[in-house]
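Working notes, beginning with the structure itself.
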Amino acid sequence: MLFNSLKFLVFFIAVFGGYWSIRPIMQKLGKLSYVVSFQNLLLLLASYTFYAAWNVKFLGLILASSVLDYWVGKRMSNTRSDWKRKALLGLSLAFNLGMLGLFKYFDFFSESFADLLHSLGMSINPVVLGLALPVGISFYTFQTLSYSIDVYRNKIPAEKKLLTFLVYVAYFPQLVAGPIERANRFLPQLKSARSFSYAMAVDGCRQILWGFFKKVVVADTCALFANEVFTPGYDGGGIQVALGILFFTLQIYGDFSGYSDIAIGISKLMGIQLMQNFATPYFSRNIGEFWRRWHISLSTWFRDYLYIPLGGSRTKPLKNILIIFLVSGFWHGANWTFILWGAYHALLFVPLFLMGKNRSHLDSLGSSGTAAFWIKELPAVLTTFTLVAIGWVFFRAESINHAYQVFLGLTSTAYVDFPMWSSFDWAWVGLYASIMVFIEFWGRKHEHPLQGLNIPIFFRWALYLLLTLLVTHHFGDEAQFIYFQF
Amino acid sequence: MVSFFFRLLFFSMLVVGAIIVPRLFLPTYWGNEGHAVKMPYVESHEEINTLFIGSSRTQFHIDPLVFDSVTGKTQSFNLGYSSTRGEESMFFLEDLLAHENFLQNIDYIFLEVRPLFYDELLYKNLRGKYQLNKDRLIFLQSYFRPINDFATKDLSKSYIESLLGIGMVRDEWSQLAFPSMRLNKSIAFFEKRGFANRKKAIESDQINSNLVAAGIDFTDKLDDRRDFALRCYEADKETISASDALYVERLNALHDDLSREGVALYFIPTLRFENTPLPNLFRKLNQGDLYAETSNPKRYPEFYSPEFSGDAAHLNLQGARLYSTVLADLFLSISATP
């Protein structure tokens, strides 16, 4: 069930109605203490229904992972024995990473091993399982892992109620593509009764609208051209290839950050605050800043659970940086292209680290004054944007050879023709991208740009109406979100 | 929560209003850019009393000047446009019938009839959606249900989407605000009262015709189509499918409705239509059997010869002249009959 489908709209209206009816019903029955349990029960049923709409068979995996980590957490809190706690954590890690490895990486390692032997002159038939990848597995396994690790580190107490923990793992808005929530933020919200907040709900609606605009209008429109250029064997001119890369750069941002905004907005309507996942990353002034602003929930996850335990910036930092970027790339998918993408970003990041500039630009763009913006910051933003866009070629390509072909295509002087779209279509896509960039820049200091629109209500509502009509126009396509494949 | 819902309701009303407003002002035919370009011309020329409605087979095959010179009593205009489907032409004519005063100067209408076919993409785009209403949805679902398992669901979805403005609202507003922006006003459409010469149309409209552009010999394909047409013509002359029976019923009802408005409706077949047999369908239409003869390769072998062809599907200028003359002769023979 996709957010951008009429089916989800009907599903959500039903869940929303049911969810907020619980409190008045319980109030009438004089059972206010049951509100939390019923709210969580409804969220759980909705979440499992939502996931079952993808594939009911994989529901068992989420349930198994949730029950195991719930049990591990409880057992860890009941024992002081260090080795027992380590063993329990090891069990959680082995199960979750094993599941991820089996479904996501087994075939890749098997085939890569066979290729390696082949290059050494030995030939074997690789064992290929060909398993379908459960939607969202990379996200919810990381979420449960962070819980087990935090309980092990005594950062959070183990959750006592199974129902609360099941909702924490399976909560439907962020189940299949994040943000990857932390137990210390999310579980406390599930433990108290949610009450409707007008301000939060209105803000949620705005964020949903902005998310839909980025996904349905910008990303899906850009995808039409990007997909054409990234089709293996594409033989267009260099300008077309460059435009294809630009369009994919806009597509992936609109697609993924759009999903996050919709998930966060829906949660606000349910009275739950999820963490910010994107903070206008394309306005970054260097790669370090880009990674503080892109897919924040994953970057901080790797920082807290991998980079720092490895020694962080104190022990062998360059090795740690390389590991974190490679693992981060590999997390996205079992393909050498993702590993190369991670390595490319590591290469961009290391010089900054060595110069001590990886923590620069902690303020937002334009904070240093107008002159500095035009002379220093804008060129830096454009340079970072170009470097990031180049990196997306590895990310989007189907193989390393394909990525090479795309780069080679940039040098092509073939006749430039754009038969796919009329000038009318180009005007629309230009307008969409401009609206996105302009509004994101305008509201860059806020959680989402529509939050910070300090303009008269008439113009604000006119903008909402315009965005809604554009979303409505493009709504029917039901294009898959890119990050669902991870 | 109440104030939230009121605010949401108010905004929803604004959105619904913004979806409805352009539909109140746009002409019914706006979604077909060919009709949208040609109709204002017809509306501003009161002398026009005869219309040809259909696809590229009408646009490229019927020369109004030739037709009028033969009949001597018509001032005709070619409203044909590329890729116009059978049901689209029928719905367009139904809309014209509902269009107040539009038909007061019109005496004769020639409607190209072609078998309907289903493609899941057809009703996902603007061109498919803009004409949908409940009555047409039921007709289309009834027609396609026996043929395509997915049609009922797909069409329902398209209908809901058309109500909500999905895939439409942006274009409706831009059409309303900038009426000429997305319309193809090339000379091919206006030359000789809407008639387009195939070669010229390819040059000026960039209409995709790989066969002609690449100079590929289409003679074999032409032979196939002639053989197919002949087999259809000589096959069982009575039976039509349940779906086609619905189509015939609707077309005949349209014929009767137009008669009451003083407009004579003639059905003309699509030449060289390679998918479904036409003659049986035509024989069930009012006066259709007469025009069905034009698709008989034995009677009109010229329509299947390379000499009169622009490509496998269309006649060339010479073929169009011949076809226009044949239609005019048939028209005279019918209209002379009391």
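These values consider heavy atoms only, across backbone and side chains, with no hydrogens, waters or symmetry-generated copies. Just so it is clear: chains get the letters A, B, ... in the order the sequence lines come, proteins before strands, and each one is counted from 1.
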Hey, can you tell me if A:Y464 and B:F11 have their rings parallel, tilted or perpendicular (30° and 60° cut-offs)? perpendicular
With a sphere of 6.0 Å drawn around CG of A:N55, does it hold more than 12 non-hydrogen atoms of other residues, nucleotides or ligands? yes
B:L8 versus A:V202: any side-chain heavy-atom pair under 4.5 Å? no
Which portion of A:L465 sits near chain B, non-hydrogen atoms under 4.5 angstrom: both
Given that the side chain runs from C-beta out, which part of A:T468 has a heavy atom under 4.5 Å from chain B: side chain, backbone, both or neither? side chain
Quick one: what part of A:L466 sits under 4.5 Å from any heavy atom of chain B, side chain, backbone, both or neither? neither
Side-chain contact, heavy-atom cut-off 4.5 Å: B:R7 with A:Y198? yes
Using the benzene-type ring in the case of Trp, are the ring centres of A:W20 and B:F4 under 6.0 Å apart? no
Closest non-hydrogen contact found for B:E161 with A:L6 is CG-CD1, 4.5 Å
A:K191, NZ: over 12 other non-hydrogen atoms inside 6.0 angstrom: yes
Chain A contact via B:M168 - side chain, backbone, both or neither, heavy atoms under 4.5 Å: backbone
Around atom CZ of A:F196, are there more than 12 heavy atoms from other residues, nucleotides or ligands closer than 6.0 Å? yes
Nearest 0.5 Å please: distance from the CH2 atom of A:W428 over to the CZ atom of B:R170. 5.0 Å
